[in-house]
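Everything below concerns the one structure shown next.
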Amino acid sequence: MIYQKSKGIEQNTSEEAVPIYLKMTLTIREAAAYSNIGINKLDSMLRAPNCPFLLFVGTRKLVKRKEFEQFIRETLVI
C-alpha cells in the first residue's frame, strides 16, 4: 500500500481501488464502462423523469448499480 503526504495529510494512493462490481454507486463514466452503453446515452437516460437508478449527491449524478443492473435485465431496447 502506498501513502502520499500532501500538506500534512496522508492519502491512500494505492491501486487497490474498489472494483466496480462491488460499488454501490457508479459515476457516469464507470457505468458506461461497466455496461458498454455510451456516456451520452446514459446521461439522457438519467435525465428521464423517475429514472429508477439515479442518485443525486448535491448536484452530482451517480448511478445506483443494482437498480441499473435490474433495469438492463428487464429492458429489451435502450
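Scope of the values below: all heavy atoms of this structure, side chains included, with no hydrogens, waters or symmetry mates. On a predicted model such as this, the values are computed, not experimentally measured, just so you know.
Val57 and Val63 are members of different hydrophobic clusters when ILVMFWY side chains are connected at heavy-atom separations under 4.5 Å. With hydrophobic clusters built from ILVMFWY side chains whose heavy atoms lie under 4.5 angstrom apart, Ile39 does not share a cluster with Leu55.
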Test side chain to side chain contact (heavy atoms under 4.5 Å, CB included) applied to Ile20 and Leu26, step by step: CA-CA 7 Å; Ile20 286 177; Leu26 307 171; 3.6 Å; yes
Residues Lys61, Leu54; criterion side chain to side chain contact (heavy atoms under 4.5 Å, CB included); working and verdict: CA-CA 7 Å; Lys61 292 179 187 177; Leu54 172 64; 4.0 Å; yes
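Shortest non-hydrogen contact noted between Gly38 and Ala32 is C-CB, 4.4 Å.
The structure places CD1 of Ile37 at 5.0 Å from CE of Met45, a figure rounded to the nearest 0.5 Å.
Put simply, the side chain of Leu62 reaches to within 4.5 Å of the side chain of Thr27, judged on heavy atoms. Contact annotation: the side chain of Lys66 never approaches that of Met24 to less than 4.5 Å [non-hydrogen atoms, C-beta and beyond]. Taking the side chain as every heavy atom from C-beta outward, Leu46 and Phe68 never approach each other to under 4.5 Å. Ile28 has its side chain within reach of Asp43: a pair of non-hydrogen atoms, C-beta onward, lies under 4.5 Å apart.
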Donor-acceptor pairs are to be reported for all side-chain atoms of residues 69-78 against protein atoms at under 3.5 Å, with residues two or more places apart or in another chain.
residue	atom	partner	partner atom	Å
Glu69	OE1	Arg65	NH1	3.4
Glu69	OE2	Tyr34	OH	2.3
Glu69	OE2	Arg65	NH1	3.0
Gln70	OE1	Arg73	NH1	3.2
Gln70	NE2	Glu74	OE2	2.5
Thr75	OG1	Phe71	O	2.6

